[in-house]
Amino acid sequence: MIVGVLALQGDVREHIKSLSDCGVDAITVKSLSDLERIDALVIPGGESTTISKLARSFGLFDAIRQRIKAGMPTYGSCAGLILISEEVLGAIEGQESFGGLDVTTRRNAFGRQVDSFEMDIEFKGITDPKFRAVFIRAPWIERCGEGVEVLARVEGRVVAVRSNSLLATSFHPELTGDNRIHRYFVDVICREAMKVGA
Ligand code: GLN
């Protein structure tokens with residue numbers, strides 16, 4: 001299985017390292033031919049407005065949208081969550097998302113850069129559910145559609161969800177060296193999707 005990391009902006013190297021530590025082949029995705037090689041995709045944190053504009057200018061936007069729609073396992077972290085949300089609140093004029101995940105997400109919901117924080121959360125689906133989560137100008141999820149499972153909350157706000165082959169967190173697990181969420185994506189979500197597709 002080859003897992004790609006969308007490499008237009010953001011914590012690309014950290015995600016590649018976390019995925020490699022989980023035993024999969026991890027490659028950067030910057031072109032359509034990279035996209036064709038991969039079985040699953042990680043969309044890193046960064047700035048959702050910039051990533052969506054770059055995806056357009058690299059000619060990747062529609063192809064990514066179609067692959068997500070066709071069931072490619074995809075994990076979006078922070079800006080990546082915003083980019084796979086069907087509906088985004090607080091978006092800038094003309095901001096586009098790939099969509100696929102039936103949620104409404106509010107950008108910068110926890111505040112601006114100065115309001116970034118770390119805390120221990122409970123993440124459903126991993127062994128020993130306590131997880132140190134890093135939030136940086138983080139969004140939260142205000143509405144979950146049918147079939148969207150909540151995996152973690154902070155003060156009642158939804159910060160991690162799964163829906164079939166899609167995983168999203170409003171925090172950055174690639175920054176802590178704790179790979180359990182990447183492992184959950186690879187070992188549970190990607191493997192299940194491969195079984196269904198087989
Ligand atoms: N606030 C950023 C955005 O709107 C997300 C921040 C992040 O990815 N750390 O894209």
Side-chain angles (χ1 to χ4, degrees), residues 3-19 26 28-30 40-58 60-61 64-65 68 74-121 123 131-144 150-155 157-163 166-182 184-185:
V3 182
V5 178
L6 185 60
L8 303 175
Q9 192 223 22
D11 306 334
V12 175
R13 218 171 349 138
E14 292 81 355
H15 280 290
I16 295 272
K17 162 106 179 56
S18 301
L19 290 164
T28 56
V29 173
K30 286 194 195 134
L41 179 67
V42 172
I43 305 177
E47 187 52 53
S48 54
T49 51
T50 307
I51 296 173
S52 69
K53 274 192 215 143
L54 290 173
R56 275 267 172 237
S57 50
F58 280 66
L60 284 168
F61 194 92
I64 292 175
R65 172 180 265 171
I68 293 174
T74 303
Y75 166 36
S77 158
C78 202
L81 154 63
I82 295 167
L83 284 159
I84 62 171
S85 297
E86 280 292 329
E87 192 182 6
V88 178
L89 304 176
I92 62 161
E93 175 110 23
Q95 181 173 349
E96 295 183 286
S97 284
F98 303 122
L101 181 64
D102 184 15
V103 296
T104 302
T105 298
R106 182 174 293 281
R107 275 185 77 221
N108 300 323
F110 283 105
R112 305 225 144 256
Q113 189 77 45
V114 68
D115 295 319
S116 299
F117 59 98
E118 278 184 48
M119 70 183 292
D120 288 332
I121 61 164
F123 189 96
F131 193 91
R132 186 79 181 161
V134 179
F135 295 83
I136 305 167
R137 289 173 295 120
W140 65 46
I141 294 168
E142 297 204 349
R143 179 195 62 88
C144 290
V150 174
L151 299 175
R153 293 178 196 266
V154 166
E155 285 156 12
R157 301 293 186 177
V158 176
V159 296
V161 294
R162 177 195 177 175
S163 177
L166 302 179
L167 174 68
T169 63
S170 56
F171 53 90
H172 291 259
E174 75 284 3
L175 295 180
T176 55
D178 181 344
N179 296 326
R180 285 176 298 153
I181 290 175
H182 290 82
Y184 174 77
F185 178 61

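Atoms within each ligand, like the ligands themselves, are counted from 1 in listed order.
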Write out the residue and atom name of the closest protein heavy atom to atom 10 (O) of ligand 1, then the distance separating them to 0.1 Å. Ser48 N, 2.5 Å

Donor-acceptor under 3.5 Å (Ser77 side chain, Phe171 main chain): yes

Give a yes or no on whether Arg13 atom CZ has more than 12 heavy-atom contacts from other residues, nucleotides or ligands under 6.0 Å away. no

Identify, by atom number and element, the atoms of ligand 1 in contact range of Gly45, meaning under 4.0 Å from any of its heavy atoms. 8 (O)

Which part of Ile51 is near ligand 1, with near meaning a heavy atom under 4.0 Å away: side chain, backbone, both or neither? neither

Residue selection (non-hydrogen contact nearest atom 8 (O) of ligand 1) among Gly46, Ser170, Gly90: Gly46

As an exercise, identify every atom of ligand 1 less than 4.0 angstrom from a heavy atom of Ile82. 3 (C), 4 (O), 10 (O)

May I ask you to decide if Thr105's main-chain N or O and Glu142's side chain share a donor-acceptor pair within less than 3.5 Å? no

What protein heavy atom lies closest to atom 1 (N) of ligand 1? Include the residue and the distance to one decimal. Asn108 OD1, 2.6 Å

Return yes if a side-chain donor-acceptor contact under 3.5 Å exists between Ser48 and Gln95, otherwise no. yes

Donor-acceptor pair, side chain of Ser57 and main chain of Lys53, under 3.5 angstrom: yes

N/O of Ile136 under 3.5 Å from N/O of ligand 1, yes or no? yes

Any idea which part of Glu47 is under 4.0 Å from ligand 1, heavy-atom wise: side chain, backbone, both or neither? both

For atom 4 (O) of ligand 1, grab the closest protein heavy atom and report residue, atom and distance to one decimal in Å. Arg107 NE, 2.6 Å

Check against side-chain contact (heavy atoms from CB on, under 4.5 Å), Ile84 and Ser97: CA-CA 6 Å; Ile84 62 171; Ser97 284; over 6 Å; no

Is Ala79 close to ligand 1, meaning an N/O of one under 3.5 Å from an N/O of the other? yes

Can you check salt bridge (charged side-chain N to carboxylate O under 4.0 Å, His left out) on Glu47 and Arg107, steps first, answer last? CA-CA 10 Å; Glu47 187 52 53; Arg107 275 185 77 221; 2.7 Å; yes

Among all protein heavy atoms, pick the one closest to atom 7 (C) of ligand 1 and tell me residue, atom and distance. Cys78 SG, 2.8 Å

Go through it in stages, so that I can follow the logic: the residues are Ile68 and Leu166, the test is side-chain contact (heavy atoms from CB on, under 4.5 Å), and I'd like the CA-CA distance, side-chain angles, deciding distance and then a yes or no. CA-CA 8 Å; Ile68 293 174; Leu166 302 179; 4.0 Å; yes

